[in-house]
**Q** 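Below is a structure I'd like to ask you about.
What's counted below: heavy atoms across the whole structure, side chains too, no hydrogens, waters or symmetry copies.
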Protein chains: 2
Amino acid sequence: MDLLKLENQVCFPLYALSRMMTAVYQPLLDELNLTYPQYLVMMVLWEHRELSVKDIGAKLLLDSGTLTPLLKRMQEKQLLKRTRSAGDERVVLVTLTQTGLDLKTKAAHIPNAFRCHIPLGDHELLAFKDTLTKLLTKTETTINNN
Amino acid sequence: MDLLKLENQVCFPLYALSRMMTAVYQPLLDELNLTYPQYLVMMVLWEHRELSVKDIGAKLLLDSGTLTPLLKRMQEKQLLKRTRSAGDERVVLVTLTQTGLDLKTKAAHIPNAFRCHIPLGDHELLAFKDTLTKLLTKTETTINNN
DNA sequence: TAAAATTAAATTGTATGCAATTTAATTAAG
DNA sequence: CTTAATTAAATTGCATACAATTTAATTTTA
């Protein structure tokens, strides 16, 4: 068996599916004028009132090279504020504006709207999510124990 | 249950795992001076002697906006040739150079080297690949039947 | 067959990702 | 207490992704 054939790859369908899911989200997110990574940032900030850039990066597995310009664009859209921490001037704290907080109402229908496009039953979808989450966690550990 | 929480998302672990897997490949691909998308292009061209940009896009689910500059970079690295089809001048046909063909030897160890970093047994990995492939295919169909 | 529609790449513009470096602030060590 | 090491963001540079448009070639159709 030729292991260098596309059909024998695990990561190609992972890569392609990830992009396809983002494409499924896009028309829904267009209504909120958000990209998918920006939607993820909104989600962690709806959940946690105030987070540093590092905190957001730890949750989304993104570094400041990605987050700094992304957060600046979100700030330009009046969704959030970025302020230096008083206690530690190295840290930038991010909080949502009222506009950003209010956007959660407009986003409330997105999870269900998205769900409709996924051709999996509830049980399979949950099992799939579990597999992904466990593999993500385990791989993260594996990599860090280098 | 708040469906707008990060932990309740299916697509976040998909998105994060996809990027993490690419990061696992990177040190292996560095030896070949390839990025992950370039590696995928090499793979389809090792398998098929000649492909149009459209063919490559159909296999990798990428459009000419992504592929044209990517293929130009690979051409600059002497990995492939791009020529207009004689029969249909709209079509650009891509074939590997001898250098590109020869690179398969240097790539032969990559699948196994990569496999070592994935904390899953053979059976689970195959099952995971199947799930991904089926969901990719089904979602593709769902989207096209819009 | 000539105009209209379609198709394949390329181009343009914007938004990630990420490696590598830089800057500024804080902490650790001697 | 002062220097060295570390840390958090920002910056720089490069490579995807992808929407939207453009260009050139081919097909369709009236």
**Q** Please evaluate the base of C:dA8 for a donor-acceptor partner in the side chain of B:S64 within a cut-off of under 3.5 Å?
**A** no
**Q** Can you tell me whether the side chain of B:T68 and the base of C:dA9 have a donor-acceptor pair closer than 3.5 Å?
**A** no
**Q** Which comes earlier along DNA chain C counting from the 5' end, the contact point of A:T66 or that of A:A86, where each point is its nearest nucleotide?
**A** A:T66
**Q** Among C:dG17, C:dA24, D:dA10, which nucleotide has an atom closest to any side-chain atom of A:R82?
**A** D:dA10
**Q** Of the options C:dC18, D:dA17, C:dT16, whose atoms approach the side-chain atoms of B:P37 most closely?
**A** D:dA17
**Q** I need the minimum non-hydrogen distance between B:P69 and B:S64, along with the two atoms involved.
**A** CD-O, 3.9 Å
**Q** Distance check needed: D:dT7 C1' versus A:D88 CG, whole Å only.
**A** 8 Å
**Q** Between A:L132, A:L136, A:D130, A:T137, which is the residue that forms a side chain to side chain contact (heavy atoms under 4.5 Å, CB included) with A:K134?
**A** A:D130
**Q** Name the residue closer to the 5' end of DNA chain D, choosing between A:R90 and A:M20 according to the nucleotide with the nearest heavy atom.
**A** A:R90
**Q** Parallel, tilted or perpendicular, judged at 30° and 60°: which one describes the rings of A:F114 and A:Y25?
**A** parallel
**Q** Is A:R73 close enough to C:dT16 that one of its side-chain N or O atoms is under 4.0 Å from OP1 or OP2 there?
**A** yes
**Q** Can you give the donor-acceptor pairs under 3.5 Å from side chains of residues 96-103 of chain B to other protein atoms, not counting sequence neighbours?
**A**
unit_1: B:T97; atom_1: OG1; unit_2: B:Q78; atom_2: O; d: 2.6
unit_1: B:T97; atom_1: OG1; unit_2: B:L79; atom_2: O; d: 3.1
unit_1: B:T97; atom_1: OG1; unit_2: B:T99; atom_2: N; d: 3.3
unit_1: B:T97; atom_1: OG1; unit_2: B:G100; atom_2: N; d: 3.1
unit_1: B:Q98; atom_1: NE2; unit_2: B:D102; atom_2: OD1; d: 2.9

**Q** Compare the minimum distances between each of D:dA9, D:dT16, D:dA17 and the side chain of A:Y15, then state the nucleotide with the smallest one.
**A** D:dA17
**Q** Write down the atom of A:T142, the atom of B:H117, and the distance for their closest heavy-atom approach.
**A** CG2-O, 3.9 Å
**Q** Can you measure A:Q75 atom CD to D:dA10 atom C1' for me and round it to whole angstrom units?
**A** 14 Å
**Q** Just the rounded figure in Å: distance from C1' of D:dT16 to CG of B:L34.
**A** 14 Å
**Q** Determine the contact category for B:T35: base if any of its heavy atoms lies under 4.0 Å from a base atom, sugar-phosphate if only primed atoms, P, OP1 or OP2 are that close, otherwise nothing.
**A** sugar-phosphate
**Q** Looking for any heavy atom pair under 4.0 Å, which part of the strands does B:Q38 touch: base, sugar-phosphate only, or nothing?
**A** sugar-phosphate
**Q** Classify the nucleic acid contact of B:G57 as base, sugar-phosphate or nothing, counting any heavy atom under 4.0 Å across all strands shown.
**A** nothing
**Q** Between C1' on C:dT16 and CG on A:L61, what's the gap in Å once rounded to a whole number?
**A** 15 Å
**Q** How close do B:K129 and A:N8 get, counting heavy atoms only, and between which atoms?
**A** CE-C, 3.7 Å
**Q** Using the side-chain heavy atoms of B:E89, tell me which of these nucleotides is nearest: D:dT26, D:dT6, C:dA10.
**A** D:dT26
**Q** Quick one: which of C:dA9, C:dT16, D:dA8 gets closest to the side chain of A:L70?
**A** C:dT16
**Q** Can you measure A:I56 atom CD1 to D:dA10 atom P for me and round it to whole angstrom units?
**A** 11 Å
**Q** If you assign each of B:K54 and A:Y36 to its closest nucleotide in DNA chain C, which residue comes earlier from the 5' end?
**A** B:K54
**Q** Any idea which of C:dA9, C:dG17, D:dA17 is nearest the B:R84 side chain?
**A** C:dA9
**Q** Rounding to an integer number of Å, can you tell me how far B:Y39 OH sits from D:dT16 P?
**A** 15 Å
**Q** Just how far, in rounded Å, is C1' of C:dA20 from CG of A:D63?
**A** 11 Å
**Q** Please pick, from C:dT26, C:dA9, C:dG17, the nucleotide with the shortest atom-to-atom distance to any side-chain atom of B:V92.
**A** C:dA9
**Q** With respect to the phosphate group of C:dA15, does any side-chain polar atom (N or O) of A:K72 fall under 4.0 Å of OP1 or OP2?
**A** no
**Q** Under 4.0 Å, heavy atoms only, any strand: does A:T22 hit a base, just the sugar-phosphate, or nothing?
**A** nothing
**Q** Separation of B:L93 atom CG from C:dT7 atom C1', in whole Å?
**A** 15 Å
